[in-house]
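Starting from 1, each residue takes its place in the sequence as its number. Keep in mind it's a predicted model, so treat the numbers as computed, not measured. Atoms within each ligand, like the ligands themselves, are counted from 1 in listed order.
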Amino acid sequence: MSGQELSGLFITLEGVEGCGKSTQARLLVEHLEGRGVEVVLTREPGGTALGERLREILLDIGQTGMRPETELFLYLASRAEHVAHVIAPALKRGSVVISDRFGDASVAYQGGGRGLGVDLVRSLNETATSGVKPNISFLLDLDAGEGLGRLDGRIQDGRPGASRDRIEREAIEFHRLVRQAYLEEAAREPGRFVVLDAGSHVEELAREIASRVDALLEERAGTHPGDD
Ligand code: TMP
């Protein structure tokens with residue numbers, strides 16, 4: 001699938017646990033829908049029926065002793081389905097697709113956190129995604145301990161369904177490696193990544209994300225084939 005065939009805009013949100021990306025994804029959807037833009041909000045692992053089943057397995061605390069390689073292939077399997085059945089078709093229709101996590105999460109969590117190596121994961125991502133890449137990726141950067149603290153705060157508040165899943169239960173050192181790998185990916189692709197301080201106020205972050213996306217949409221509208 002070449003970039004030309006995919007006329008939509010692909011946006012991803014990434015970051016360590018508790019960074020607030022799901023809230024930001026929702027706020028961005030509201031902002032864009034308010035402007036009359038067609039938006040598809042989706043997530044990984046998940047986004048398809050099969051992907052959601054894989055998500056259950058991946059996050060199940062009962063799945064003890066899963067090999068890092070097995071974990072990686074399950075995330076990649078979810079991604080392959082997600083791209084083929086949801087993301088690429090929506091981009092072909094010209095929609096804006098917002099994914100709460102995508103390939104960079106495997107680079108950070110399995111490549112960095114699990115130590116499988118970022119080069120290996122990047123190359124397997126190419127196969128899983130058929131080369132479909134986000135146009136812009138927001139990295140909501142946060143100290144790993146602070147993120148886990150936020151998560152535990154939500155659990156203590158008794159928020160329905162809130163409890164640490166299989167990945168969230170990993171030691172703080174794992175989550176620090178994940179953050180480091182995310183920051184390294186962002187430094188490697190500064191044209192795609194926007195790194196934001198996830199410690200900022202929710203509204204402030206939402207405004208920053210919305211203005212970046214608006215700018216990108218305007219830029220693309222101005223350079224649309226046929227306009228020149
Ligand atoms: P979520 O909590 O953001 O919904 O993501 C589910 C968990 O899966 C989260 O702990 C991050 C982890 N994850 C990976 O380890 N690798 C991946 O490729 C993806 C997409 C998520």
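- In this structure, Ile155 shares a hydrophobic cluster with no other residue, the cluster being traced through Ile, Leu, Val, Met, Phe, Trp and Tyr side chains under 4.5 angstrom apart.
- Protein residues having a heavy atom under 4.0 Å from any atom of ligand 1 are Glu17, Lys21, Glu44, Pro45, Arg55, Leu59, Tyr75, Arg79, Arg101, Ala105, Ser106, Tyr109, Gln110, Ile167, listed by chain and number.
- Remark: side-chain polar atoms of Gln24 are paired, donor with acceptor, to backbone N or O of Val202 under 3.5 angstrom.
- A salt bridge is defined here as a Lys NZ or Arg NE, NH1 or NH2 lying under 4.0 Å from an Asp or Glu carboxylate O, and Glu208 with Arg212 meets this definition.
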Name every donor-acceptor pair, under 3.5 Å, that has one atom in a side chain of residues 55-64 and the other anywhere in the protein, sequence neighbours excluded.
| unit_1 | atom_1 | unit_2 | atom_2 | d |
| --- | --- | --- | --- | --- |
| Arg55 | NH1 | Pro45 | O | 3.0 |
| Asp60 | OD1 | Gly62 | N | 2.7 |

Validation: residues 29-37 side-chain donor-acceptor distances under 3.5 Å, sequence neighbours left out:
| unit_1 | atom_1 | unit_2 | atom_2 | d |
| --- | --- | --- | --- | --- |
| His31 | NE2 | Asp214 | OD1 | 3.0 |
| His31 | NE2 | Asp214 | OD2 | 3.0 |
| Arg35 | NH1 | Asp214 | OD1 | 2.6 |

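- By the neighbour-count criterion of 12 heavy atoms within 6.0 Å, atom CZ of Arg53 is sparsely surrounded, having that number or fewer from other residues, nucleotides or ligands.
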